[in-house]
Each structure stands twice: as structure tokens, then as C-alpha cells.
Asks: 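Quick one: structure below, then a few questions.
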Amino acid sequence: MRRHRLEKLERIRARGEEPFKFAFSRTHLIAEARALFEEAERAAANGGAPVEIPAALAGRMTAMRSHGKSAFADLRDETDKIQVFFGCAQMGEAAYETLKDLDLGDFIGVRGAVRRTKRGEITLFADACEILTKSLRPLPEKYHGLTDVETRYRQRYLDMASNPQVITVFKKRIQVVGVLREWLNAAGFLEVETPMLHPIPGGATARPFITHHNTYDRDLYLRVAPELYLKRLIVGGFDKVFEIGRCFRNEGVDTRHNPEFTIMELYEAYQDYMGLMKETEDMLAEVIEAVIGGPTFTYQGEKISLERPWARMTLHDAIRQYADIDIEATRDRATAAALAESVGVEVTPTMGYGKIVDAVLAAKVQPHLVQPTFLYDYPIEISPLAKKKRGNDALTERFQIFIARLEMGNAFSELNDPIDQRERFLEQIRLREAGDDEAQFLDEDFIAALEVGMPPTAGLGVGIDRLAMLVTDSASIREVIFFPQLRVL
RNA sequence: GGACGGGUAGCUCAGUCGGUAGAGCAUCGGACUUUUAAUCCGGUGGCCGCGGGUUCGAAUCCCGCCCCGUUCACCA
């Protein structure tokens, strides 16, 4: 098949035409040409005269229906597709003959007029057609498209070229980021960029990727979160900042996790977690609604309503309600483990009190959190960067937001007491020495920053990929990442 | 890492009891000036994921491995 296409390539060159052109002056995008035509049609509806819009369009040819002395092709660009009519009489015999050298998948430029066919289809009637880029490999089947999941991910360009709805999904993802950025700008947050190469990985409980810098001859870590640098900016004098960017965690891969993913983190001085909860509610509701175009949507068969106010409950109330155990009543690890196991949650010997609570949350509570729900007041053991709750040293002022069972965000009143922060880091080091390789490292410079003084601050992290999953009704994170991580073949 | 499912033509998929490897689309040749999954006639196209075993004979049965998906474990 490739051989046939190479022969056509040679024929095109032989008649003096370049099969890999440099540019083409199109007058419209396909969607623009369609809109213009329909508008002209409406305007002419009273007069009754047939409408015709001159146009030069370019795109990939995705179908060809040839009838001897005439042919119909489908032309697709980023915005839409349109039918093209080639008639031997209109184009001239010589030009019509050159259509034989076209293949599905070629990029072509077509000049002519947009009209309706007898059957009512908006169609570009071609006066001239030139090949812009010869395609040497066949596109997947026109009807079913490409469905093999592995090929779809490994060769995303084929996926997009043969499944237009994939492009729609990614456009929505792009829109999510755009709308979110607009919201944050309007709310007075400044967008910043902080390092991705960290000498000490921090800001989240996760294993890092390690890399090496030759000039300084030292190992560096790909960031697991921008958190500690963003807080340094608050120390320095910024009041409201955010960053949207890639994080890397050396962890497992499944439908909700990719080793590299995109996070939005924001920090707001003089704010606490309850104030931020309200802002988070407004931000997510407004962003999601703007992208989906309404206050309700369906995710994986379940109807989700964005109507505010969203549900709010403490983590321990949620556990009491859904797991029917009062794990808050104890601070003893063994008792908590027994309680968790009594409701079928598996507990391993390395899990501390906090992780046991977290496991109960994941197994018994999270499956119920279909409508948007805030859980707040998390155990101190699993929140080493969050401020202690006023009046309860066992808890932190922290919340998570769940929508459609997906954890969409995590936030807290930021711990700004450097002495407390040091103790929390030391506890993490004890966990690490006990074998927890996800425990956080002690970052002396970060402590030094807190000693300089960070105003009261609330911070939030939102998983952009999961937000994209939500608005595109995608069951897997790989559907919203252009090139998801797969095993190298 | 465990369990389950999958890997056959460029793509989407059949393949019975172990007996010459199949269809549709794409592609090539032919017919056709209003089709839109165009239609009609004829052809080309295979490391049946990889390696080993059983057998006269393996896409098919057995063993090992690779890759993908789902799920559990793990994990912000």
C-alpha cells in the first residue's frame, strides 16, 4: 500500500508538482465557511436566489466517492468537515485526472464556491485542487475509526486523525484550563512559574523521579508539587498566586493516575480553609458550568448537579455516616485498625493512624460522594503541611472536594508556624526511617522562609486532568492526556 | 505484584472438533456526472504478539515470556 502511494508521489513530481507544499492561502476555516454560507442563505431566504460563497479551503481528505466524471470528497480541518464536489466539466479534464494521485489522508487545498447539492448538503464545488501534503500511510478504517486502545494511545496522531471526537475532548480540556485561568486572573491571582527541578522533593506525599545535573554534579528531583516554592512567594510578598503546571510522581498507573499530571495550585494570604472552601466552590462550579454549558451534567451515567451550596461534612462525620464507625473516638492505632477491619477495610502493619483513616475514607466514604461534597478536618498524621485545627490538635484545617467520586482538590490553612513545621518534618523523617518511602523530606530552606514569616495563608491544589475527565465524561485519565505514559516497547 | 479479558491483513472483526487463513472497509484494475459507510465486477495483501513443547499436522492444545485493558493491591 505504501508502495502505491510512493508511485503516486513520483507521478506528482513527474508532472512538475511538489507533493509537500510550503503554504496555502485559505480564505476560511471550514466552520467559518459553513457559518457564512448559512448566514447568506438565511439572508437570501426571501429573495429565493441560490446562494454561493467563494472560498479556498484546506484540510485532510478523509473520504472519496468517485463516479467516473465526478467525485465527492470529505475535507476536514481543525474546526469541522465539509463535502467537496469535483466535476470533470468544471475543473477541466487534465486537472480532474490528477485526482487519481490523491489518497485518503492527503492534505489538499481546494478553490471554488460553497453551494448546496441537490440533496441539500453544503458542498464546496471545486474549480481547482492542489495537493499540499502526500500521506504515505493509510488512515484507519473510515467507519469504525481506530478503536484499538493501545494504538490510540501510542499513536495519538492516528487516533485524532480518524476519530474527530478525540479532538473535541482535548479542546474541552484546553477550555477548562483557559476558563480556570480567566477566573483566577479575574479574582486577582497572579500566575507564576516555579522550578520543576527540585534539590529536595516536597509539597506532597509521593515518591519522586530522580535526575542528574551534570554541571553541578548533583541529583535533582522532578517536582511532586509546586507547594513549597509557591509558599516562599507568599513569604516574599505576593498575596495571591497560582501556578498551572506539570507534576511528576513515581507511582502506579491506573485510570485515575498518570506519572506526570497537571496541577493548579493557588495560595491566598490572609485567608483560611473555610473562606477558601467557598472560593473553591464558586471557582469549580463556574468553570465546569462554563465548559459544559449548564448547571448539570452526566458523568459515567450519573447525573451531577452543580447547584450550590455543595455538601460539607467533616471527615469523621462522613466516616460515621457511611462506615458506621466512630474512628475519631480513638487516637490509638490498634483500636483504629480494629475498627477499620471490622468494616472490611484492610490494614497493613506499616499503616499509621492517619493512613488507616485515609483507607476508610477511600473504601467506605469516597464511593458515596457522587454529588459535589467537601470533606474537612483531616488527621494531623496525613497532613504535614496543614495548620492544626483551632481547638483540636489531632486534626488539621484541611478539606478535600469530591465530585463524581473523584478527588478534585485538596486544600488547607497553610501551616506557617516554623517550629510546628519542623516537628512535622521530623515526624515524616521518623516515618521514612520506619520504611515509608513516600514520607516527606526536611526542607531547611523552607523552614527558614517560614521563620522569616508567612502571613496566614490558605492554599488549594486542583487536579486538572481529573477536571478534564469530568467535563468530557472520560472514564480514564488517558483519554484527556495527549500522550499518556505506556510501557516502552 | 494478583485475578480476569484481549493480541489474526493497514483498520474493524470472524475463525466450528486440531486438517489448505476468512469477511467488510482501505488498496489496485475496470464501469459510472449528485454521492455522503456510494454502488457493481475482478484482483493484491498474513511473523495468526514472541519463544518452546505435544502431534502426521497447531491461529486452535500445553508451558514460558512480551504488550494492552479492566479490577484489586498500591497511590493524593
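Below, read A as the first sequence line, B as the second, and so on, with proteins coming before strands; counting in each chain starts at 1. Side-chain atoms are counted along with the backbone in the values below, which use heavy atoms only and exclude waters and symmetry mates.
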Asks: For the pair made of CZ in A/Arg256 and C1' in B/C74, what is the distance, rounded to whole Å?
Replies: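 It works out to 13 Å between those atoms.
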Asks: Can A/Arg398 be said to sit on top of A/Tyr378's aromatic six-ring, NZ or CZ under 6.0 Å from centre and within 45° of the ring axis?
Replies: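 Pair A/Arg398/A/Tyr378 counts as cation-pi.
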Asks: Closest nucleotide of RNA chain B for A/Thr151 versus for A/Phe399: which of these residues is on the 5' side?
Replies: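 Of the two residues, A/Thr151 wins.
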Asks: Select one nucleotide: of B/G69, B/A26, B/U36, the one nearest the side-chain heavy atoms of A/Leu486.
Replies: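 Within the option list, the nearest is B/G69.
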Asks: Is a salt bridge present between A/Arg26 and A/Glu32, judged by a nitrogen-to-oxygen distance below 4.0 Å?
Replies: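 No, A/Arg26 and A/Glu32 are not salt-bridged.
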Asks: Indicate whether OP1 or OP2 belonging to B/U39 is found under 4.0 Å from a side-chain N or O atom of A/Arg65.
Replies: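 For B/U39, neither OP1 nor OP2 has a side-chain N or O of A/Arg65 closer than 4.0 Å.
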Asks: Just to be sure I understand the rule, does A/Gly145 reach a base, reach only the sugar-phosphate, or reach nothing, if contact means heavy atoms closer than 4.0 Å?
Replies: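 Sugar-phosphate contact only - A/Gly145 comes under 4.0 Å of backbone atoms but never of a base.
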Asks: Between A/Glu414 and A/Tyr273, is there a side-chain donor-acceptor contact under 3.5 Å, judged purely by atom types and distance?
Replies: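 Checked: A/Tyr273/A/Glu414 side chains show no N/O donor-acceptor pair below 3.5 Å.
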Asks: Is it the case that B/C11 (base atoms only) and A/His144 (side chain only) share a donor and an acceptor within less than 3.5 Å, ignoring hydrogens and angles?
Replies: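 Answer no: no donor N or O sits under 3.5 Å from an acceptor.
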Asks: B/C32, OP1 or OP2 - any side-chain N/O from A/Ser70 closer than 4.0 Å?
Replies: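 For B/C32, neither OP1 nor OP2 has a side-chain N or O of A/Ser70 closer than 4.0 Å.
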Asks: Ignoring backbone atoms, test whether A/Lys355 places a side-chain nitrogen or oxygen under 4.0 Å from the OP1 or OP2 oxygen of B/C74.
Replies: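 Looking at the OP1 and OP2 atoms of B/C74, neither is under 4.0 Å from any side-chain N or O of A/Lys355.
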Asks: Which one, B/C25, B/U70, B/C13, comes nearest to the side chain of A/Arg478?
Replies: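 The nucleotide sitting nearest to the side chain is B/U70.
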Asks: Kindly point out which of B/U70, B/U12, B/C74 is positioned nearest to the side chain of A/Asp254?
Replies: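 Taking heavy atoms from C-beta onward, the closest nucleotide is B/C74.
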Asks: Are any of A/Lys69's side-chain N or O atoms less than 4.0 Å away from OP1 or OP2 of B/U34?
Replies: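 No, no such contact exists.
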Asks: On the nucleotide B/U27, are OP1 or OP2 found under 4.0 Å from the side-chain N or O atoms that A/Arg5 carries?
Replies: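 No, A/Arg5 has no side-chain N/O under 4.0 Å of OP1/OP2 on B/U27.
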Asks: If pairing requires Watson-Crick or G-U wobble contacts with both distances under 3.5 Å, which nucleotide is the partner of B/C48?
Replies: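 Pair assignment: B/C48 / none.
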Asks: A/Lys8 has a side chain; which of B/U34, B/U27, B/C75 sits nearest to it?
Replies: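 Nearest to the side chain of A/Lys8 among the choices is B/U27.
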Asks: Could you give the distance separating B/A23 and B/C63 at their C1' atoms, to the nearest angstrom?
Replies: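 Each nucleotide's C1' atom is 33 Å from the other's.
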Asks: Between B/G42 and B/C25, how far apart are the P atoms? Round to whole Å, please.
Replies: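 13 Å, rounded to whole Å.
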Asks: Round to the nearest Å and state the distance from A/Tyr153 atom OH to B/G6 atom C1'.
Replies: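 Computing the A/Tyr153:OH to B/G6:C1' distance gives 15 Å.
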Asks: By nearest atom, which of the nucleotides B/U33, B/G10, B/C28 is closest to the A/Ala89 side chain?
Replies: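 Of B/U33, B/G10, B/C28, B/U33 is nearest to the side chain of A/Ala89.
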Asks: Rounded to whole Å, how long is the line connecting atom CZ of A/Phe85 with atom P of B/C32?
Replies: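 It is 16 Å, rounded to the nearest whole Å.
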Asks: For the side chain of A/Thr255, starting at C-beta, report the closest nucleotide among B/U12, B/U70, B/C75.
Replies: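 Comparing B/U12, B/U70, B/C75 against the side chain of A/Thr255, the answer is B/U70.
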Asks: Rounded to the nearest Å, what distance is computed from the CG atom of residue A/Leu139 to the P atom of nucleotide B/A37?
Replies: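 To the nearest whole Å, that distance equals 17 Å.
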Asks: What's the closest nucleotide to the side chain of A/Pro140 if the choices are B/U12, B/C11, B/C28?
Replies: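 Closest nucleotide among those given: B/C11.
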Asks: Among A/Arg249, A/Gln485, A/Glu251, which residue meets the side-chain contact (heavy atoms from CB on, under 4.5 Å) test with A/Pro259?
Replies: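 Testing A/Pro259 for a side-chain contact (heavy atoms from CB on, under 4.5 Å) against A/Arg249, A/Gln485, A/Glu251 leaves exactly one candidate, A/Gln485.
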Asks: Nearest-nucleotide wise, let me know which of A/Ala362 and A/Arg487 is further upstream toward the 5' end of RNA chain B.
Replies: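 Per heavy-atom nearest nucleotide, the more 5' residue is A/Arg487.
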Asks: Rounding to a whole Å, what distance do you find between A/Gln83:CD and B/A38:P?
Replies: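 My rounded result for the distance is 10 Å.
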Asks: Taking the basic N atoms (NZ, or NE/NH1/NH2) and the acidic carboxylate oxygens, is any pair closer than 4.0 Å for A/Glu302 and A/Arg405?
Replies: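 Yes, charged N to carboxylate O under 4.0 Å.
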Asks: Give a yes/no answer on whether the side chain of A/Arg137 brings an N or O atom under 4.0 Å of OP1 or OP2 in B/G10.
Replies: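 No, because none of the side-chain N or O atoms of A/Arg137 sits under 4.0 Å from OP1 or OP2 of B/G10.
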Asks: Within the pair A/Lys142 and B/A26, is there a side-chain N or O less than 4.0 Å away from OP1 or OP2?
Replies: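 Answer yes for this pair, as a side-chain N or O of A/Lys142 is under 4.0 Å from OP1 or OP2.
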Asks: My understanding is that a pair needs two contacts under 3.5 Å, Watson-Crick or G-U wobble. By that rule, which nucleotide pairs with B/G42?
Replies: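 When the pairing criteria are applied, B/C28 turns out to be the nucleotide that pairs with B/G42.
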Asks: Between A/His368 and A/Tyr322, is the gap from one ring center to the other below 6.0 Å?
Replies: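 They qualify: ring centres under 6.0 Å apart.
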Asks: Could you tell me how far apart A/Glu150 (CD) and B/U12 (C1') are, to the nearest whole angstrom?
Replies: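 Taking CD of A/Glu150 and C1' of B/U12, I get 16 Å after rounding.
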Asks: Please report, rounded to the nearest Å, how far the C1' atom of B/C68 is from the CD atom of A/Gln485.
Replies: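 A/Gln485 atom CD is separated from B/C68 atom C1' by 15 Å.
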Asks: Is the A/Phe399-A/Phe412 ring centre distance short of 6.0 angstrom?
Replies: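 They do not qualify: ring centres at least 6.0 Å apart.
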Asks: Which value, in whole Å, describes the distance between the P atoms of nucleotides B/G49 and B/U36?
Replies: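 Those two atoms are separated by 37 Å.
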Asks: Take the protein atom CG of A/Asp74 and the nucleotide atom P of B/A26, then report the distance between them rounded to whole Å.
Replies: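 Distance, rounded to whole Å: 12 Å.
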Asks: Where the side chain of A/Ser476 is concerned, which of B/C67, B/U70, B/C11 is the nearest nucleotide?
Replies: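 For the A/Ser476 side chain, the nearest candidate turns out to be B/U70.
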Asks: As a test of reading the structure: which of B/U33, B/C11, B/U36 is closest to the side chain of A/His67, going by heavy atoms?
Replies: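 For the A/His67 side chain, the nearest candidate turns out to be B/U33.
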